Amino acid sequence: GVMRRWRAEPMPSLEEAHDPQKRCVRRRHGSVRELIRQLAVAVWGREVQEAAQSLLAMLAVLNADGVPSRLFASREGLGDGSDTEGSILRRTRTLIILAGLFTPAAKALEAVGLVRIDGGGAIHMHQLVQRSARHVLTRAPTAEELLPERSLAEWGALQAVLDARFASRVYEHSHREDVDALQPCAAALHGAGVLSPLAQAGLANGLGVWHNGKGGMTHWEAEE
């Protein structure tokens, strides 16, 4: 079971073994690792399993209090894979088809206990689960081979989609509803600090324009 797996994992040092906080974090990582393993052994099918893992990687760097399904359940912003940016998306294994597999992938994550889906279809993942998911997904499977956290292809894909549907549209009144809905996602991805400096700057610019626009609109409404 899960407890046997935790106990079997080697401890990096005696100091960590006697540190209650580190033991707690280690157990949490082990629990999330086991839930991710359950995704691989369940009977949803290979495509759904891969889509679920890609979805998990993206949710791990987005807003924990509810990511709108509109971010995933659409091909908009994904491109056709024919240009340089599209090559990033091809390396994510399933992002291009995630729009078609979004519902079963999300339900798979909910079934193993990694996320909660509310009545409006938004996906919630606890912040501590997010941290452990990032740890598990970006590191080697054994304690002896821990790797520095590295950027996942899914995070680059998220950045490309949010650039297309948020940062590039903050000036457009016709897309205000979509832009406002995706702003928390852009803010969370920027705050996660997992992108390149150039990508971080692009999102920061879009977020700045959005906040300035909101401030101007509030002033205009007050004048009314």
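What you see is a predicted model; the values in this text were computed from it and never measured.
Considering only heavy atoms from C-beta on, Arg165 comes within 4.5 Å of Arg169 through its side chain.
Residue pairs meeting the side chain to side chain donor-acceptor pair (under 3.5 Å) criterion with at least one member in residues 179-198, sequence neighbours excluded: Asp180-Trp210, Asp180-Lys214.
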Query raised in the report: Can Val194 and Thr138 be said to form a side-chain contact (heavy atoms from CB on, under 4.5 Å), step by step?
Result: CA-CA 11 Å; Val194 297; Thr138 59; over 6 Å; no

Report task. Verify side-chain contact (heavy atoms from CB on, under 4.5 Å) between Leu35 and Val129, making sure each step is shown before the conclusion. Result -> CA-CA 11 Å; Leu35 294 178; Val129 177; over 6 Å; no

Requested in this report: Check the pair Glu34 / Arg37 against salt bridge (charged side-chain N to carboxylate O under 4.0 Å, His left out), numbers first and verdict last.
Outcome: CA-CA 5 Å; Glu34 175 63 19; Arg37 188 190 68 81; 2.7 Å; yes

Query raised in the report: Given Gln49 and Leu39, is the side-chain contact (heavy atoms from CB on, under 4.5 Å) satisfied, shown in steps?
Result: CA-CA 6 Å; Gln49 290 168 2; Leu39 281 176; 5.5 Å; no

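Side-chain atoms of Asp118 come within 3.5 Å of backbone N or O of Ala122 as a donor-acceptor pair.
Nearest heavy atom pair, residue Gln127 against residue Ala64, reads CG-CB, 3.7 Å. Of all heavy-atom pairs between Ala57 and Trp155, the closest is O-NE1, 2.8 Å. The two residues Arg131 and His29 come nearest to each other via the heavy atoms O-CE1, 4.5 Å. When all heavy atoms are compared, the tightest approach of Cys185 to Val67 is SG-CG1, 3.9 Å. The minimum heavy-atom distance between Ala60 and Arg134, with the atom names listed, is O-CD, 3.3 Å. Closest approach of Pro68 to Ala181, counting heavy atoms only: CG-O, 3.7 Å.
A side-chain N or O of His173 and one of Arg176 form a donor-acceptor pair less than 3.5 Å apart.
When the side chain to side chain donor-acceptor pair (under 3.5 Å) test is applied to Glu172, the partners found at least two apart in sequence or on another chain are His175. Applying the side-chain contact (heavy atoms from CB on, under 4.5 Å) rule to Ala106 yields the partners Leu55, Phe102, Ile117, Ile123; only residues at least two apart in sequence or on another chain are considered. Asp65 meets the salt bridge (Lys or Arg N to Asp or Glu O under 4.0 Å) test with no other residue; sequence neighbours excluded. Remark: Ala188 pairs with Asn63 by the side-chain contact (heavy atoms from CB on, under 4.5 Å) rule, at least two apart or across chains. Every residue two or more places apart in sequence or in another chain was checked for a side chain to side chain donor-acceptor pair (under 3.5 Å) with Asn205, and none qualifies. Remark: Ile36 pairs with Val32, Gln53, Leu56, Leu114, Val136, Leu137 by the side-chain contact (heavy atoms from CB on, under 4.5 Å) rule, at least two apart or across chains. For the side-chain contact (heavy atoms from CB on, under 4.5 Å) test, residues two or more places apart in sequence or in another chain that qualify with Glu177 are Arg70.
Residue Arg116 holds its CZ atom at 4.5 Å from NE2 of His124, rounded to the nearest 0.5 Å. A distance of 7.0 Å separates CG in Leu62 from CG in Leu162, rounded to the nearest 0.5 Å. A distance of 8.0 Å separates CZ in Phe166 from CG in Leu203, rounded to the nearest 0.5 Å. Between atom CG of residue Leu128 and atom OG of residue Ser31 there is a gap of 11.5 Å, rounded to the nearest 0.5 Å. How far CZ of Arg27 is from OG of Ser132: 13.0 Å, rounded to the nearest 0.5 Å.
Among Leu189, Leu182, Leu71, the one residue that satisfies the side chain to side chain contact (heavy atoms under 4.5 Å, CB included) test with Val161 is Leu71.
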